[in-house]
Every structure is written in structure tokens, then in C-alpha cells.
2 protein chains.
Amino acid sequence: MAAVGRLAGVSQVTVSRALSHPEKVSPDTLQRIRDAIEATGFVPNALAGALASKRSHLISALVPSLTNIVYASFIATFSAQLRSHGYQVLLSETGFDTTSEQDLIATHLSRRPDAMLLTGIHHSQQARRSLLGADIPVVEVWDITDSPIDMCVGFNHVDAGRAVANFLYEQGHKNAATITANDERALRRQSAFSETFTQLSGNAVLNSNTGGPASIGAGRRALAHLIDDTGFQRGAVFCSSDLLAHGVLIEARARGLCVPGDMAVMGFGDQDFARDLEPALTTVAIDRLALGSVAAEALLARLVRPDTKQSIFDLGFKILRRASA
Amino acid sequence: MAAVGRLAGVSQVTVSRALSHPEKVSPDTLQRIRDAIEATGFVPNALAGALASKRSHLISALVPSLTNIVYASFIATFSAQLRSHGYQVLLSETGFDTTSEQDLIATHLSRRPDAMLLTGIHHSQQARRSLLGADIPVVEVWDITDSPIDMCVGFNHVDAGRAVANFLYEQGHKNAATITANDERALRRQSAFSETFTQLSGNAVLNSNTGGPASIGAGRRALAHLIDDTGFQRGAVFCSSDLLAHGVLIEARARGLCVPGDMAVMGFGDQDFARDLEPALTTVAIDRLALGSVAAEALLARLVRPDTKQSIFDLGFKILRRASA
DNA sequence: TTGTACGCGTTATCAT
DNA sequence: ATGATAACGCGTACAA
């Protein structure tokens, strides 16, 4: 900056002002400074800026997995929204692991983010302490609680599981099975579904866990297992994600089963491909776009007015009836 | 740090040392310092550290799209590898746009990353200048060139397109069509395929561009268009990604066409679901895992020994013959 | 093994 | 409208 200033015939401070508050600098010195910046190829040092101003314009975000399209698309919206307000997002994957999340929180906090996004409402005690100590806005997404660390935006997974149970029961199904990926929130939906459906139908639900991330292959294998090993025959299958449901659809067809005639299949998430499958997938729609932008807006609001009141955003969900159930 | 030091009865520097070079501090002062850190909840300020040491331990990465699983999984590997070496990755989406990439490069450079990853080998002139000026290791991925900015790791897209043309021709196909997403590298594969296939078969190839990102829906619509509007009937369809090919498979089945009997379908990328489709998808395998880790290793090598020699890593590709072609 | 002094490149405050 | 000066919180060099 000093070098740029020398070239423009002003002091270092004026260069700083030209960059941060151009309106406080006279038009022609501004131009000279801009020319000098152009000529020198000067790139401001945001580290120094953040150190001096105590604002990093960095927002850190912790998601379980980047390769899960659900989180990836959420983050894309969230990042775009924040970028348009001059913030950059520092992203990490926790791998659905609370301890790993805790370590990442410490690492991220050392970069002094202006705010932080966390996925889910379950965090280690140490994590909560660090966050509280950091004294920055925090938003927890994809779930809802009455006592967020700071703010939360998401929906109620127990309600969602129950709603699906009611929906399938009302379609006339008396038997049901579930196929769930190894994700705490999905498991919560599963048990809510299972409990409600059993209560309604009087029949036990066959619950299965893929033991890993959701994928088409995992869905195929899970249905195969359900049919071959546990004797599941007819009824409804509630999958914890559209990807699993997609696999179920493929496996069912490969076995000559008709969907929904022989077996009804329900997904979760309403991913873009859900409507393009044959049969089109009945699923639970989550407004991921809204999730991302509400989370971003919530943080931005706190950043501007630290005493903003609303802190719990329930975005709900919607059952989308298509052809598969 | 000074406060921690007071509590531990040492000076600020000793605290700094305890954190960065624990072996240079006597065991019991080390313990006292650690206790003090624990007691105060001290979190080191990486911004100040980076400013003083001129090493940010930050590596910035620019990818076209996060919601494209291909890039997402690549980045997951890349990030994990770097994290295990004490680096954090600052990630942004360029949206396949060179101008947007150029702006992001400037923003990222202001955070003084220790290295940078770029996708592709085509960048604006200004971008190249900034990067050269920053004087940090740069790796360009997903493509190969003789004159990278610094290093590159990927494969040759023209060779890939040609190889697919040869493969399909050798399978006995005389007619072919292509369905390509709006991606510069995919378009390069398309035209190499098209040229080679025409040369071999003497028949023109029906090239189509989805005009947007790859998706199952886009694949369905593209095949429908190909059949309904351009009169494509039998032959091979080369899709620029497995996702498009997946859509083609669905649309073909919905129209009662047999794959590969009536129509052969080929994808690109060998995504995890490719083997789980019916019929299993014939595709071109790219070792994304290797791509991510080689890119990370290349940067790490440069960071340790700035004069490391090798700078071009051709990881190749492999045609995976399954059932669809 | 520990401490002192200084500088990293900005922004904030106060003057002019 | 512009400048001088003092932080910001740490690492490095050098000294003890």
C-alpha cells in the first residue's frame, strides 16, 4: 500500500481509504490511486485487514459431507448468498462425526470467522463452549430445537417421519419397511415413522440401516437383503433419501416387481432426479434453496444488528405424491 | 498469548513456542502453558500468525461446480489429503465462467493462500498474471497441457473422445449421436469423438448440447429431442457424463427401446452408480481419487521444495465396458 | 531454555 | 480531503 501510495503521490492511509471508503477520497486522487494499483498489480492483504479491523469477512461452514448432493447444493446456495454480501465461506467436512467436528471448530475459529454454520443440533460440549466463547453468530441447519446455540433453521425430523407414516397408511398400506443411511437425522425420522406406522397398522416395521452413506447401490443391496433375508414381500418402503429410493426402484424392476403395484417406494429430499425416474418418485420435499438462503440471511442479520431477535426458523417439509407411492 | 503467558509465568514468546515447537520448551513449562490455555480457553489467532510468518496454511481451490458430484468428490479427496498435512482449503465455485474465476482468484489471493488449485487450463490473461505475481504453487486439474501456469494433473480430453469413437466403431456401430453438457472440456471430447467417428464410419454424428449442467432430466430430454426432432433411430449415444447417460437409459426404456440392442449408451466418468444401473453403464473411468491426491501431493511437494521438477501429471483414462454398449 | 525487540500490512482514531 | 500514529496478535532474530 505504501508503494502504491508513493506512485500515486499520497500516503499509505489514503490508499487504504480509497479501497475501503472510496467516497471519502477526492475523485482525482482516487483515479491516480486506481491507476497505481493497476500498474503495480497490488493485491490487498486481507489477513492484515482482518487483524486490524477485527472483521475477517470469512464465514465458516461445517457440513457432514460434500459428496452428498443434498449438502452440496445447500452450501452452494448459502455461499452464493454470502458472497454477494462480501463474505467468503470456509468449508469443511465433518464426516458425520462429532469429535471431528469439534476439532474442525477449533481450527476454523483460529481463522477468526465472522460467523459459523453448523449442520445439525448435536455437538460436543467442548464444541458448544468454544462457540460460545468465540462470541460470533452461529446458525445450526437441517434440524430444529428449542435451544439452539444461537440460531437454527431446518425442520422437525420426527414430524416428518410421522407424516410419512400417516401418508402411507392412508394410502392403504398395512406393511412397511424402512431403508436408512447412517445419518443421525435420518435415523430419527426412521424411528418416528416406525413407531407411528406400527401404531396405526398394528404391524411391526422392518427397519434396516445401510451402515454407510446413501447411494443407488446401497439402495439396491438393501432391498435385496430385505426381500431375500428378512422375507419382506409387499408393502411400502420408506427410504431415508431419494438416492436410496432410486436404488430400490432399480432393484425392484430387476426383480420384476411393479412399483407401486407390488411395492410402494418413498424417498426423502426431492432431489432433481426424483421427478425424472420411472415411476416418478413420491418423496418429501425440503426447500433446500430456502434453507441455504434463510441461513445466510439469518447470519447476515445478526452481523448487521447483533441483537436481532428471531432465532428459530422452521421451514417445514411437504409430501410430494408422484407415481411411486 | 500474553495473558496465557502471565498465567503460566512465562512470556508471550514461550507460549508461541509451546504451540509451534513444543520440543523447544521444557516439559514442565509446557505443561503449565497447556494448563493455562485450557483454563483461559485461548484460541490462537491464525490471521496474526499468517501475517507474521508469511505462511497462511491456507490453500485455495476453484472448481466449476460443487453440486456436480464429480468435482465434489475430487475436492473431498484433495481437502482430506491437505488437511492431514495441516492445510485448510478455501473453496469457491466459478460456475464454468472465466470472468467469475478471475474475480475469485483476486479475492482468494487477498487471503494469501500458500498455494492454489484451478480447474481446467483455460484462464483469462489477467488471471494468469495475478497468479504469476502471487508467486505460489499452482496446480491446474482435469486437463493436460504442455504449458501449465505451474503444474497440471489430468488427462487428455481429445484422446478420450477419440478412444470412445474407436471403441464404439469397433463394436460395430455405424451411426452415433452425442449428448453433451455445457462444459468446455466435455465439448472438446465431443468434437474429437465426432470427428474420429465420422472419419471411421463415413457417417455424420448428431451432436447435441444440453445447454446447461448435466442431470438425469437433461439426459431424458436430450434423447427425446434426438429421436423426435432430429430423427435419430439406431446407433450409439455418447454422453458427456454418466448422469446424462442415466437419463438416456430411462428415456430409452420409457420408449420401449432396448439397450444395447436398439441403442448403445455410453457415459463418462464412471460414477459410483454406473455399475448399479440396468443395464450397467459402459463408461470412461477417470481415477478421481488419484486426481485429488496427486494434485495435493504435487502442491505439498512444491511447498516443501519449491524447485521440485515434475510439473505435468497425465493420469489417463480407461474405457470400462459394461452392459450398455 | 527463555526473553527482548521488532515487523508483518492493514484499519481506527485523531489531527490538520 | 488527507496524514500521522497507534494498535491488531503473532513469529523471527537475536541475545541472554
Side-chain angles (χ1 to χ4, degrees), chain A residues 1-34 36-37 40-58 86 88 106-114 133-136, chain B residues 1-34 36-37 40-58 86 88 106-114 133-136:
Chain A
M1 262 186 185
V4 170
R6 266 193 303 280
L7 219 153
V10 294
S11 79
Q12 173 264 325
V13 212
T14 308
V15 177
S16 171
R17 255 194 294 259
L19 258 22
S20 320
H21 310 280
E23 76 283 0
K24 300 201 156 198
V25 168
S26 83
D28 68 316
T29 55
L30 186 57
Q31 193 50 56
R32 289 201 324 273
I33 290 174
R34 290 196 165 141
I37 288 176
T40 52
F42 168 75
V43 178
N45 185 324
L47 297 175
L51 185 60
S53 68
K54 298 181 177 306
R55 312 199 71 245
S56 61
H57 290 277
L58 202 67
Q88 261 180 101
T107 312
H108 277 237
L109 285 182
S110 75
R111 304 249 176 223
R112 296 297 187 265
D114 290 341
D135 194 36
I136 54 175
Chain B
M1 264 187 185
V4 170
R6 267 193 302 280
L7 219 152
V10 293
S11 79
Q12 171 260 324
V13 216
T14 309
V15 178
S16 170
R17 257 194 293 259
L19 258 22
S20 322
H21 310 282
E23 75 283 359
K24 300 202 155 197
V25 168
S26 82
D28 68 315
T29 55
L30 186 57
Q31 193 50 57
R32 287 201 325 272
I33 290 174
R34 290 196 166 142
I37 287 177
T40 52
F42 169 75
V43 178
N45 186 325
L47 297 174
L51 186 60
S53 68
K54 298 182 177 305
R55 311 198 73 245
S56 62
H57 291 275
L58 202 67
Q88 262 180 103
T107 312
H108 277 235
L109 285 182
S110 76
R111 306 250 176 220
R112 296 298 186 265
D114 290 340
D135 194 36
I136 53 175

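Each chain gets a letter, A, B and so on, in the order the sequences are listed, and its residues count up from 1. Please read these numbers as outputs of a predicted model, since none were measured by experiment. Any value given below was found using the heavy atoms of this structure, including those in side chains, with hydrogens, waters and symmetry copies removed.
Within the structure, a side-chain polar atom (N or O) of B:Lys54 is placed less than 4.0 Å from OP1 or OP2 of C:dG9. Listed pair B:Ser11 / C:dT2 fails the phosphate criterion, with no side-chain N or O lying under 4.0 Å from OP1 or OP2. Between B:Ser20 and D:dG11 there is a side-chain polar atom (N or O) within less than 4.0 angstrom of OP1 or OP2. Using a 4.0 Å cut-off, some side-chain N or O of A:Thr29 falls inside it from OP1 or OP2 of D:dT2. Note on B:Thr14: every side-chain N or O is 4.0 Å or more away from OP1 and OP2 of C:dT2. Residue B:Ser26 has a polar side-chain atom (N or O) positioned under 4.0 Å from OP1 or OP2 of C:dT2.
B:Leu47 places its CG atom 12 Å from the C1' atom of C:dT10, with the value rounded to the nearest Å. Atom CZ in A:Arg17 sits about 10 Å away from atom C1' in C:dA12, given to the nearest Å. As a whole-Å value, the separation of A:Asn45 CG from D:dC8 C1' is 13 Å. The CZ-P distance, from B:Arg112 to D:dC10, rounds to 20 Å in whole Å. Rounded to an integer number of Å, the gap from CZ of B:Arg6 to P of D:dG9 is 12 Å. We find that CE of A:Met1 is positioned 15 Å from P of C:dC8, with the value rounded to whole Å. With rounding to whole Å, B:His57 atom NE2 is found 15 Å from D:dC10 atom P. B:Phe42 has its CZ atom 8 Å from the C1' atom of D:dG9, to the nearest Å.
Closest heavy-atom contact between A:Ser56 and A:Pro113: OG-CA, 3.5 Å. The shortest heavy-atom contact between B:Thr107 and A:Gln88 is CG2-NE2, 3.3 Å. The two atoms that bring A:Met1 and A:Val15 nearest to each other are O-CG2, 3.7 Å, heavy atoms only.
Using modelled atom types, no side-chain atom of A:Ser20 and backbone atom of A:Arg17 make a donor-acceptor pair closer than 3.5 Å.
Nucleotides of DNA chain C nearest to B:Gly9 and A:Gln12 differ in position, and the one nearer the 5' end is that of B:Gly9.
Using a 4.5 Å cut-off on side-chain heavy atoms (C-beta onward), B:Leu19 and B:Phe42 make contact.
At the heavy-atom level, A:Val13 lies under 4.0 Å from base atoms of the strands shown.
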